[in-house]
Amino acid sequence: MSFLPKPRLHHPELATNAVGLTRRDYEGAISTLCAGCGHDSISAAIVRACFDLSLPPHRIAKLSGIGCSSKTPTYFLGAAHGFNSVHGRMPSVLTGANLANRDLIYLGVSGDGDSASIGLGQFAHAVRRGVNMVYIVENNGVYGLTKGQFSATSDRGARSKKGVANTDAAIDLVGLALQLGATFVARSFSGDKTQLVPLIRAALQHPGAAFIDCISPCVQFNNHEGSTKSFDYVREHNEAVNRLDFITGRDEITAEYAPGDVEVVRQHDGSLLSLRKLAADYDPHDRTAALAYLQERSAAGEIVTGLLYVDPEPEELHTHLNTVAAPLNSLDEAALCPGAAALDRLNAALR
Amino acid sequence: MTGTARINDFVVRFANVNGSGSASANQLFARAILRMGVPATPRNIFPSNIQGLPTWYEVRVSEAGHLGARGGTDLMVAMNPQTWDQDVGAIVPGGYLFYDSTRPARRLRDDITVLGMPLTELCNAQYEDPRQRQIFKNIMYVGALSALLSIEAGVVEQLIAEQFRAKEKLIAANVHALRLGRTQALERFACPIGLRVQRAAAVGDRIFIDGNSAAALGAVYGGATVAAWYPITPSTSLAEAFARYCKRYRTEPETGRARYAIVQAEDELASIGMVIGAGWNGARAFTATSGPGISLMQEFLGLAYFAEIPAVIFDVQRAGPSTGMPTRTQQCDVTACAYASHGDTRHVLLFPEDPRECFEFGALAFDLADRLQTPVFVLLDLDIGMNERLCAPFAWDDARRMDRGKVMTAAALEAGREFGRYLDVDHDGIPYRTLPGTHPVRGAYFTRGTSRDEYARYTEDGAAYQRNMERLLRKFATAKQHVPRPLRRDAAEGAQFGAIYYGSTAPAMDEAASLLAARGTAIDLLRVRAFPFHDDVAAFIAEHDRVFVVEQNRDGQLRTLLINECEIDPAKLIRVVHYDGTPITARFIADAIGTSAEAAKIVPLRKAAP
C-alpha cells in the first residue's frame, strides 16, 4: 500500500461528465490493500463506470461485509454513504436499506469468503428476492486478511501458497445466481478493464438483482503456480462469450459491426445494450442454456466470462411488495399514523 | 355432594385436543362473561404441535379484577381422554367436572360434583359431516356451560351474531348448537350450579386483546415502515398482526399500494440485518422474535450498538435455553438482551405489563431508537403476547409527532454546520447522523463496526476508541431520562419490605400484595418498566430492609442486572423466581414472600438488642 496522501488538486483540463464532475470526484480514500491487488482495479472500474454514467455519487449507497474486498468501498465514491457491516451479512443490510429508500442505487461489494462461505445463505436469499442492486464479488479464492486459507470458491485440486491441495468442491456463484433467478449475471476479471467497466455500467442501469463475479487475483496469497485464480492462470483460461458496449441513451446503435456479430438488447427503461458475440451460439437470454454452457466449459477447464444472462424485463422486490412510489423513509405522520379516531373505533371493536 | 358456591370468582379450565376447533368456542365463553361486566382472563396452555396433543384453555373469572393466573381449577371441562387423570386431579375439592359421557368415565373422585353429558352422541345424532360434529360439539358445551353458570343466553347469541356478521347461515347453525347444549343441560342438571356469573359493572371501558397484536398496532402508530422477521413461537402473531393492521391502515388510498414493507427473512440474522439496513437508511424498522432469535442476532446487535443505528426488537419470551419450551412462558432473555453481543454493550429494554403497554411501548420504542440511535428491545412474553387480556383502551394524541432524533438535514449541511458522525456536540453522548443521499458533497460518512474517530474515520488509536466507548456510556446515561419511569405503589402503612417486579408478573404481584396485606405483611411495590434503571430504583432499594425481586426465570436475571448496574449488596435482594413455564401466580408470590418475611420479622436485626 501507499501511505502518501492523495493530492486533492488535479489537472485543470480533466474531463467532466454530464453532471459536471471529474473522474477524481468519484474516487475515495487511498487504498490500504497490497500493491497490485486485483481489488484496486475493480475499485477503479467502479469509479470509471459511475463517472461514465454521470451518476451523482451521493445517490449511491455502498455496502460491504468483512474482508479485503469489503474494505474497498472506502476507496471509491467518497461522497457516498458507505456501510461496512458484518461478515457475510451485507445482503440483508443492503436489502433493508433498499426497502427504506428505493430511490438510491445500491452497490454491494463482497468477497468469496464473505459471499460463498459465511454468507452463502444471505447471498442466495437476496438474489432470489430480486433486490434491486449491483452485487459484485471480488473473487480471489482465498482468505487474505487471515493469510491464505482456501475459500469456498477455490477449485478442487488448486494448491495454496504453502503447497496444500484443496480437496473440497468449489462453489460457483455465477451458477447459483443463475439458478436463483438473478436477472443480470456476469463474470469478469479484474485484469480486463475493457470487459469489466461496461459490465459494471450495465449492471448499475439494470433495475433488478445484478450479480458480477469478478475474479480478482490475490497477489500475496493466490498468485502462484498451482493456483487457479492467479493472473497467469485466468488469462490463459479466460473464455469470453461476448463483449459488451453499453449505451446509456435510447439512440439506435450506429457503430459498425460485421453482420450477425452484434445483438442489441433493449432494456426496460429504454436504454440499449449492444453485445458483440464472441462465442457464436451463446444466447444471453436463455438461463437454462447458460447454466449448461457454464458447466460444460468449466469441465473443460475454462473460465467463462462476459454477460452471461440478462432479463430485459426484470422484476424487483419493491414490485413484489407493491410498495408506494415515495421512499418509505420519507413518509410522514399523515401517511403513517392512523390517528386517534381510528383507534377509538378499534377500541370499540375490542369490547 | 354439594359443590362450592362462588359468584364471579372462579377458574374454569377446558381440556381439549389441539386442532379440534375448540379455541373459538372457548374464546366465545370468555367473551360472554366479559360482556356481562365481569373480568375474565383466559390463558392458553398449548403444546408445540399442530394437531393431536393436549391443549388447555383456562379462564379466571374475577369480579375483583385479578387478571393473574390463580392456580387450581373450580370447573374442569374435560374434553380430552388423553389427559383425563391429570385433569380430574386438578379440580379443587368441592369443585366440578363437566365431561363428555358418551363413553363411560374412568376413575372419578367423590369430593367433586360430576356433570356428564353425552356430547358426542348428541352431536352425532344432529350432524352427518364429521367436521360439523367436531365444531358444533364445542359450541354445544358452551351452551351447556351457559346454563350451568347462569351466563345469559342472549349475550352468547349476540356474540355469535357479531362474529359471523352477514353470514346468516353460520349464525343460525351456531345458535342452534348453542341452544341444544343449553337445553340439554337445563334438562339434565339442576342449573345453575354453585359457580355463577352474575351481571356486574367491573369491566368498564376496558378492551380485550392480546399483547402481540397490541405491540404490532403500536408499531403502526409509531411509524414503522419496515418489518423483517422469521417465524418463531410465540412472536409470529406479532408480525402477522402488523401485516393485518398495515393492510387496513397503511394502504395508499389512491393507488392501493403499500406504505410499508414486510419481509419474511431466511433466518433471524437476516431479519436483524434488514432492520439495521433500513434503520441506517432512515426508515423505522423492527423485527419480532423470541429467545433463539436473540441468540442468533448477537453479532448484529453489537454492530448496531457500536455503529449507533436505530432498531426495534420485539422479543416475545419463551422458556429457554436452546429450544427450551417453545410454548411456555418465561422472562428469561433479560440479561441476554441487556448485554447482547460480545464486547462491552448495554441496550435499552422496555417491559410492558399488558397489551395497553405493549401498544404504548411499541410506539415509543421507535422514538427511543431514533433519539438514542441504538437498538431498543420490547420484552413481552408468551403470557401477555399470545393471550387476550383485559386492559385500558388504547389512546393516541393526534398532536404527537415522531421524534426522529438528531438527523442533520441537507439545509443544515448546506449552511455549513459542522458534521462529525460521532461528535458529541450536545454533551449528551448522542451525535448527529445523516441519511444516505442527503447532500451532494457534505455529510457522507462510512459506517463500520471497527473503531473510528469522531469524524467516522477508521482508526486503531486506543485513545479514540476509548473516547468513543466513554461517550456510549454517556449516551446510556441520557437514555435514563427518556425511558418510562418505574411506577411505585406503597403499602398503606410504612413497609419494611419492598418488591420489584416487571412485565407480565404485574397482575399476580398486585394480587399477592393484597393477599400479604390481609396476612399482616405490608409490601411497597415498584414496577420497573425499563432499563437503564431510573435513579428511583436504587432509591427504592435503599429505603427498604429487604427487597424481593419477583420474576419468571431461574437465575433472577433482573436481580442480577440490579446488582450489577446499581451496585447493590446481593444479600439485600431476595430472589422470588417462578420458572416452570406456567404463568406466575399470586399464591406463589404471596407464599414465597410470606415465608421469607415472617422469618425476617421474628428477629429484626435492628431491634434484636435488649
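Lettering follows sequence order; numbering is per chain, from 1. The basis for the numbers below is simple: all heavy atoms, side chains too, and nothing from hydrogens, waters or symmetry mates. It should be emphasised that the depicted structure is a prediction, and the values quoted were computed from it without experimental measurement.
- Among A:Thr72, A:Thr74, A:Asn84, the one residue that satisfies the side chain to side chain donor-acceptor pair (under 3.5 Å) test with A:Ser64 is A:Asn84.
- Heavy-atom contacts from other residues, nucleotides or ligands closer than 6.0 Å to CD of B:Glu254 number more than 12.
- Among A:Leu331, A:Leu346, A:Asp344, the residue making the largest number of heavy-atom pairs under 4.5 Å with chain B is A:Leu346.
- Of the atoms belonging to B:Arg248, it is side-chain heavy atoms, and not backbone ones, that fall under 4.5 Å from chain A.
- Only the side chain of A:Arg102 comes within contact range of chain B, with heavy atoms under 4.5 Å apart.
- Counting heavy-atom pairs under 4.5 Å between each of B:Thr251, B:Val263, B:Ile262 and chain A puts B:Val263 at the top.
- For A:Ala80, the part lying under 4.5 angstrom from a heavy atom of chain B is the backbone only.
- Using a 4.5 Å heavy-atom cutoff, the side chains of A:Ser115 and A:Tyr135 are in contact.
- Neither side chain, A:Ser69 nor A:His39, offers a donor N or O lying under 3.5 Å from an acceptor on the other.
- We find that B:Arg284 and B:Asp367 are joined by a salt bridge, their nearest charged nitrogen and carboxylate oxygen being less than 4.0 Å apart.
- Using the six-membered ring where Trp is involved, A:His81 and B:Tyr445 have ring planes that are perpendicular, over 60° apart on the 30 and 60° scheme.
- The closest side-chain donor-acceptor pair between A:Tyr106 and A:Thr95, if any, does not fall under 3.5 angstrom.
- Per-residue heavy-atom pair counts under 4.5 Å with chain A were compared for B:Ile272, B:Thr434, B:Asp397, and the maximum is reached by B:Thr434.
- Rounding to the nearest 0.5 angstrom, the gap separating the CE atom in B:Met274 from the CD atom in B:Glu266 is 5.0 Å.
- Side-chain contact check for B:His439 and B:Glu414: at least one donor-acceptor pair (N or O, by modelled atom type) lies under 3.5 Å.
- Proximity to chain B (any heavy atom under 4.5 Å) is shown, for A:Pro56, by neither the backbone nor the side chain.
- One finds the CG atom of A:Asn347 at 8.0 Å from the CG atom of B:Asp205 (value rounded to the nearest 0.5 Å).
- B:Ala265 touches chain A through backbone and side chain together, each having a heavy atom under 4.5 Å away.
- Using a 4.5 Å cut-off between heavy atoms, B:Ile309 touches chain A through its side chain atoms alone.
- Within the model, atoms OG of A:Ser330 and CG of A:Asn101 stand 7.5 Å from one another, a figure rounded to the nearest 0.5 Å.
- Comparing A:Ala100, A:Ala97, A:Ser85, A:Ala79 by how many heavy-atom pairs each has under 4.5 Å with chain B, the most go to A:Ala97.
- By number of non-hydrogen pairs under 4.5 angstrom with chain A, the leading residue of B:Trp396, B:Tyr260, B:Phe394, B:Phe359 is B:Phe394.
- Counting heavy-atom pairs under 4.5 Å between each of B:Gly443, B:Ala270, B:Gly279 and chain A puts B:Ala270 at the top.
- The choice from B:Leu34, B:Thr255, B:Val220, B:Ile276 that makes the most heavy-atom pairs within less than 4.5 Å of chain A is B:Val220.
- Heavy atoms of B:Arg250 lying under 4.5 Å from chain A belong exclusively to its side chain.
- Heavy-atom pairs under 4.5 Å with chain A peak, among B:Gly449, B:Pro440, B:Ala261, B:Gly222, at B:Pro440.
- Among A:Pro338, A:Gly339, A:Ala348, A:Pro57, the residue making the largest number of heavy-atom pairs under 4.5 Å with chain B is A:Pro338.
- For A:Asp103, no part lies under 4.5 angstrom from a heavy atom of chain B.
- For a residue to count as touching a neighbouring chain, one of its non-hydrogen atoms must lie under 4.5 Å from one of that chain's; by this rule A:Ile66 does not touch chain B.
- Looking at B:Asp354 and B:Arg206, no side-chain N of the basic residue comes within less than 4.0 Å of a carboxylate O on the acidic one, giving no salt bridge.
- Using a 4.0 Å cut-off between a side-chain N of Lys or Arg and a carboxylate O of Asp or Glu, B:Arg31 and B:Glu388 qualify as a salt bridge.
- Both the backbone and the side chain of A:Pro73 come within contact range of chain B, each with at least one heavy atom under 4.5 Å from a heavy atom of that chain.
- Judged by the 6.0 Å and 45° rule, B:Arg452 forms a cation-pi pair with B:Tyr422.
- At a 4.5 Å heavy-atom cutoff, A:Leu94 makes no contact with chain B through either its backbone or its side chain.
- Put simply, of A:Gly96, A:Pro327, A:Ala124, the one with the most heavy-atom pairs under 4.5 Å next to chain B is A:Gly96.
- Both the backbone and the side chain of A:Ala325 come within less than 4.5 Å of a heavy atom of chain B.
- Comparing A:Leu63, A:Asn98, A:Leu99, A:Ile60 by how many heavy-atom pairs each has under 4.5 Å with chain B, the most go to A:Leu99.
- Ranked by heavy-atom pairs shorter than 4.5 Å toward chain B, the options A:Leu328, A:Leu321, A:Leu104, A:Leu317 are led by A:Leu328.
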